[in-house]
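A short worksheet on the structure shown next.
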There are 2 protein chains.
Amino acid sequence: MTKVTRKKREIQQREEKILSVAQSLILSEGYHGLNMDRIAESLEYSKGTIYNHFPNKEEIILALGIRTMESRIELFRRGSEFPGLSRERLQGIGVASEIFARLYPHHFFLEQMIRISSIWEKASERRRQQFQSCEMQCMASVAKIVSAGVAENNLKLPEGFTPQDLVYGLWSLVSGAYSLAASNPNLAQLGINEPYSRVRLLANHLLDGFQWRPLSTDYDYSIVAEKVLHTQFLPELSRLEQLQFPLSR
Amino acid sequence: MTKVTRKKREIQQREEKILSVAQSLILSEGYHGLNMDRIAESLEYSKGTIYNHFPNKEEIILALGIRTMESRIELFRRGSEFPGLSRERLQGIGVASEIFARLYPHHFFLEQMIRISSIWEKASERRRQQFQSCEMQCMASVAKIVSAGVAENNLKLPEGFTPQDLVYGLWSLVSGAYSLAASNPNLAQLGINEPYSRVRLLANHLLDGFQWRPLSTDYDYSIVAEKVLHTQFLPELSRLEQLQFPLSR
DNA sequence: GTCAATTATTGACGTTTCGTCAAATCTGTC
DNA sequence: GACAGATTTGACGAAACGTCAATAATTGAC
């Protein structure tokens with residue numbers, strides 16, 4: 001029924017433009033720098049038109065978060081398709097996670113904002129569910145590999161410890177670390193110089209603590225990471241190199 | 001010179017009242033629920049008077065964060081005074097951290113807010129430094145114990161890994177986990193039922209991964225935690241029991 | 001006790017931003 | 001080219017921030 005006319009396409013494209021302007025505003029000037037009048041002015045449309053696309057400011061922010069979340073799911077999917085032992089496959093997700101954090105460092109900023117600034121309450125149910133579903137998909141892909149590790153007999157979880165609990169640990173470690181890195185400009189001042197690559201090492205030590213075999217003391221996972229990078233993430237390589245992506249470090 | 005008159009004391013006390021009203025507003029209605037008119041109205045003072053105490057809304061929020069941060073430092077100090085091996089003392093901080101998170105669960109909410117909502121930029125240099133100094137004191141107390149572990153020969157850090165890096169890991173894990181728990185009401189839905197006590201277990205596994213002796217597989221740290229609780233945190237015990245604080249679980 | 005100087009309080013006001021909606025404009029169809 | 005329906009516009013009201021001149025209270029010297 002709904003014919004895709006020139007006008008319809010134009011409207012569709014405008015939605016992208018709104019998000020892109022919103023993103024640059026929010027990144028350069030923070031939460032308060034994003035305002036509807038400025039978006040409208042910058043795109044040379046009236047405010048009413050912007051409100052036709054998004055019923056309020058909060059929805060725009062959530063939409064931005066969903067946009068990067070979708071890229072994250074895709075990266076996680078590709079990472080988890082790396083063939084091998086469970087812990088090697090988890091390495092695949094680790095690399096995906098690191099690539100994600102480097103390509104979209106602002107995401108962690110957005111995510112915190114979404115959780116905090118009453119955005120959640122004001123946004124529509126539909127978008128909220130979309131966001132949560134993204135998050136759950138990511139966590140599920142990790143949980144699946146943890147369960148595989150148990151099934152493979154390479155990982156024994158402690159009494160009363162579920163795969164979800166381990167996912168909680170990994171997730172907390174990674175998101176905590178990236179959030180700190182994203183919002184604390186003076187980590188270096190505290191003696192933390194390469195936050196991104198450190199996270200991978202820390203996560204591996206956590207896995208060692210659970211005796212997930214092969215242990216990182218017996219097996220060089222940085223080689224696995226390198227392999228993951230070249231088999232699963234070729235398309236991203238050049239973009240990453242511009243950012244000086246050092247997996248070996 | 002500046003005599004402490006009745007009036008001065010009155011003003012001092014009002015500052016406390018402002019913070020307490022602000023806190024309940026922000027907790028019950030989120031970032032947007034906190035507004036200066038409502039604080040003024042609720043305390044039956046005019047807005048101008050509130051502005052005499054705090055030059056803007058952001059300073060109030062930061063002051064709230066500093067207030068809990070100071071309690072945190074105090075808890076950390078007491079925890080780290082627990083006598084014993086380095087890893088036992090770190091357990092002391094772990095317990096302190098867990099007590100803190102249970103007594104002031106809103107702190108992690110505040111902290112994220114401070115990092116995100118342009119609060120940082122708008123607040124005064126003085127308060128910003130105060131906040132950072134609190135944070136650094138906490139991290140330093142952890143770093144000190146890590147270094148002690150190395151000196152004690154119970155911990156060997158990997159090549160190129162500094163004590164600060166391990167602090168970064170612990171800090172990220174703990175703050176990530178508590179932030180998630182504070183802002184994600186449906187962790188249980190994801191299969192994570194006791195976020196607080198899980199964190200301690202996860203952190204201990206991370207330390208095991210670094211081979212910090214004695215390992216938690218050889219030594220029951222929940223007994224240590226119990227002892228810490230009774231020797232270092234007696235005053236808090238009754239308050240915690242009302243919250244059903246299960247260290248053994 | 002009085003009074004001038006200092007200090008504290010007030011609330012009306014200007015400003016910014018959100019989100020709305022009736023009126024104006026544009027688009028596609030017959 | 002006339003008409004219905006979709007789209008766009010921007011003036012408007014509401015809410016909140018932060019200011020400041022005017023007012024009130026307090027203090028301390030005499």
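Quick note on labels: first sequence line is chain A, next is B, and so on, each numbered from 1. Note that this is a predicted model, so its numbers are computed, not measured.
- A side-chain donor-acceptor contact under 3.5 Å links B:Gln232 to the backbone of B:Arg78.
- Toward the 5' end of DNA chain C, the nearer of the two residues B:Lys47 and A:Lys47, judged by each one's closest nucleotide, is B:Lys47.
- Listed in residue order, the members of residues 14-31 of chain B having a heavy atom less than 4.0 Å from DNA chain C are B:Arg14.
- D:dG10 atom P lies 12 Å from atom CD of A:Glu44, rounded to whole Å.
- For B:Phe131, the ring-ring contact (aromatic ring centres under 6.0 Å, His included) test picks out B:Trp120, with sequence neighbours left out.
- Side-chain N or O atoms of A:Thr49 include none that pairs as donor or acceptor with a backbone N or O of A:Tyr45 at under 3.5 Å.
- With distances taken from any side-chain atom of B:Thr49 to the nucleotides C:dT17, D:dG18, C:dT9, the minimum falls on C:dT9.
- With C:dG19, D:dG10, D:dC17 as the candidates, the nucleotide lying closest to the side chain of A:Ser46 is D:dG10.
- Regarding A:Glu59, its CD atom lies at a distance of 10 Å from the P atom of C:dG19, rounded to whole Å.
- Residues passing the ring-ring contact (aromatic ring centres under 6.0 Å, His included) test with B:His107, sequence neighbours excluded: B:Phe100.
- Distance from the side chain of A:Met36 is smallest for C:dC18 among the nucleotides D:dC17, D:dT9, C:dC18.
- Nearest heavy atoms, B:Gly33 versus B:Arg38: O-NH1, 3.4 Å.
- Atom CD1 of B:Ile60 and atom C1' of D:dG18 are 12 Å apart (whole Å).
- Taking the six-membered ring for Trp and thresholds of 30 and 60 degrees, A:Tyr31 and B:Tyr31 have ring planes more than 60 degrees apart, a perpendicular arrangement.
- In the set D:dG10, C:dA8, D:dA16, C:dA8 carries the atom at the smallest distance from any side-chain atom of B:Ile11.
- Using a distance-only test at 3.5 Å, with no hydrogens or angles considered, no donor-acceptor pair links the side chain of A:Lys47 to the main chain of A:Met36.
- Within the 4.0 Å cut-off from OP1 or OP2 of D:dA16, at least one side-chain nitrogen or oxygen of B:Asn35 is found.
- Considering only side-chain atoms of B:Tyr51, the nucleotide from C:dC18, C:dA8, D:dG18 that sits closest is D:dG18.
- Rounded to an integer number of Å, the gap from B:Tyr45 OH to C:dA8 P is 13 Å.
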